[in-house]
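Step one of this worksheet: look at the structure below.
Atoms considered below: every heavy atom in the structure, side chains included; atoms not considered: hydrogens, waters and symmetry mates.
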Amino acid sequence: MTVEYAALTEDAGVGDEEEQQRPPAEYSVPIPALANGKPKPARVVSLDVFRGLCVFLMMLVDYGGSVFPTIAHSPWNGLHLADFVMPFFLFIAGTALAIVYKKVEDKVDATWKAIVRALKIFLLGVFLQGGYLHGVNSLTYGVDINKIRWMGVLQRISIAYVITALCEIWLPCERCLVVALSLLYIGLLYGLYVPDWEFKVSEPALSLTASNSSYVKVKCDVTGDLGPACNAAGLIDRYILGIDHMYAKPAYQNLKECMKSSDGQIPESSPSWCHAAFDPEGILGSLTATVTCILGLHFGHVLVQLQDHNDRLFHWSLFSSSSLIMGLLLALVGVPLNKALYTISYSMVTSAAAGFTFCALYLLVDVFGYRSITSVLEWMGIHSLAIFILVTSNIAIIAIQGFYWRVPQNNLELRMRCSGEE
């Protein structure tokens, strides 16, 4: 089992102070006054419901992806249900940041708190997904420092979080940062020259190499390639992180070219790059992931600055429609919808989907007041980080494995996995 998503922080990126964790009274619905005479502002419930929906989708695609491959990650280009979850989390984190930093009295102190929180999220991600915790089917102790995975879901969220927070604290022009990040991404993705490269293979795959070598060569010698083998995103990660510190089982191994078997084995006749590591949460894609977070920040600004429900929904719908049109146009002119590379078209389309989804939940919960039917999602959203830790650490699935019928192999988790392979 591989988990590719994250709950964000204790409150989807809100600050450490109690005052920062509560939505400002200007956009909250007042309730009867407390003893001090001040009304306690109510939460914008759709924020929690949206985050809870993200957690539910995370669990659905993670546990159901092996049974229903169509909802798992797209091997390379294209969109499956699983490919929407990460952008949704990033989007709602940005929305929450607009609430947190509506009024910043001490910018230096706010900056320090944002950096510290991002660092905590990053280190938690390394602990959860760096290789320290053992898998369901492979009991190991600790992690080889030479192979620890530095990047991951929480790590990417921490990067997008801190950049967006600093933008909100210091920069008056968020659009300028979106343009700058997009241009930097485009320049690196299409402008970097990718030479031939090689990687070390494990013992079972030594027959892929020359007779006296344990290294496999991947031929590239290109610029601007967007395939799995020779893209600039992989080049940057190999140079900065090192290939041993990247994700060992990328989704592109499910491409037809790799001929992956039902038991997860890749034949020796597959292209050499099918055996190589690639990090879908790498450095280059974190630039456009930050763009998604900033687009969510704009939604938060609308929430804070406008008071009328219709005005908010109009601006959100217009912005989401514009993002969708821009993303689809980019896809039509040759910029693929690709989660692994986190292309700009992918960022625009998934951000638009997040925007439309938030509009629907806001209309349902905060406008019409149908809170009871989303109470489970609201609870999941409030406890999103705890749920993510349970899922990522395999505690939840190991607990399920602990109950079996007559023989240990007859447990619910194994039954579900076997049914998905039939």
* To do: May I ask you to decide if C274's main-chain N or O and Q253's side chain share a donor-acceptor pair within less than 3.5 Å?
  => yes

* Asked: So which of H245, E281, Q155 actually passes side-chain hydrogen bond (donor to acceptor under 3.5 Å, both in side chains) with R149?
  -> E281

* Do the side-chain N and O atoms of T343 and N338 include a donor-acceptor pair separated by under 3.5 angstrom? -> no

* Structure fact -> S272 and V216 have their tightest heavy-atom pair at CB-CG1, 3.2 Å

* Asked: Given the rule in the side-chain contact (heavy atoms from CB on, under 4.5 Å) test, do Y239 and L235 qualify, once you have shown the distances and angles that lead to the verdict?
  -> CA-CA 6 Å; Y239 270 95; L235 171 71; 3.0 Å; yes

* To do: Might you point out which heavy atoms bring A165 and Y101 nearest each other, and give the distance in Å?
  => CB-CE1, 3.9 Å

* Asked: If only atom types and distance count, is the side chain of D237 paired as donor or acceptor with the main-chain N or O of I243 below 3.5 Å?
  -> no

* Asked: Rounded to the nearest 0.5 Å, how far does CD1 of I344 lie from OG1 of T292?
  -> 10.5 Å

* To do: Determine whether the aromatic ring centres of F278 and W273 lie less than 6.0 Å apart.
  => no

* Among F56, F358, F50, which one satisfies ring-ring contact (aromatic ring centres under 6.0 Å, His included) with F88? -> F50

* To do: Indicate yes or no for a side-chain donor-acceptor contact from N231 to the backbone of P228 under 3.5 Å, with no hydrogens or angles considered.
  => yes

* Structure fact -> Those residues at least two apart in sequence (or on a different chain) that pass side chain to side chain contact (heavy atoms under 4.5 Å, CB included) with A72 are none

* M58 vs M380 side-chain heavy atoms within contact, under 4.5 Å -> no

* Asked: Parallel under 30°, tilted from 30 to 60°, perpendicular over 60°: which one fits the rings of Y342 and Y346?
  -> perpendicular

* Taking all heavy atoms of L60 and all of I71, pick out the closest pair and write down the distance. => O-CD1, 3.8 Å

* Is it true that atom NE2 of H80 has more than 12 heavy atoms of other residues, nucleotides or ligands lying nearer than 6.0 Å? -> yes

* To do: Please state whether the rings of H301 and H298 are parallel, tilted or perpendicular, taking 30° and 60° as the class boundaries.
  => perpendicular

* Minimum heavy-atom distance I266-C258, with the two atoms named -> CG2-O, 3.4 Å

* Structure fact -> Residues passing the salt bridge (Lys or Arg N to Asp or Glu O under 4.0 Å) test with D109, sequence neighbours excluded, are K113

* Do you know which two heavy atoms are closest between V291 and M348, and how far apart they sit? -> CG1-CE, 4.0 Å

* Structure fact -> residues 181-197 vs side-chain hydrogen bond (donor to acceptor under 3.5 Å, both in side chains), sequence neighbours excluded, gives Y193-D221

* To do: Identify the heavy atoms of A98 and V304 that sit nearest to each other, and give their distance.
  => O-CG2, 4.0 Å

* To do: Kindly determine whether E168 and K107 satisfy salt bridge (Lys or Arg N to Asp or Glu O under 4.0 Å), including the steps that lead there.
  => CA-CA 10 Å; E168 180 69 358; K107 292 187 176 182; over 6 Å; no

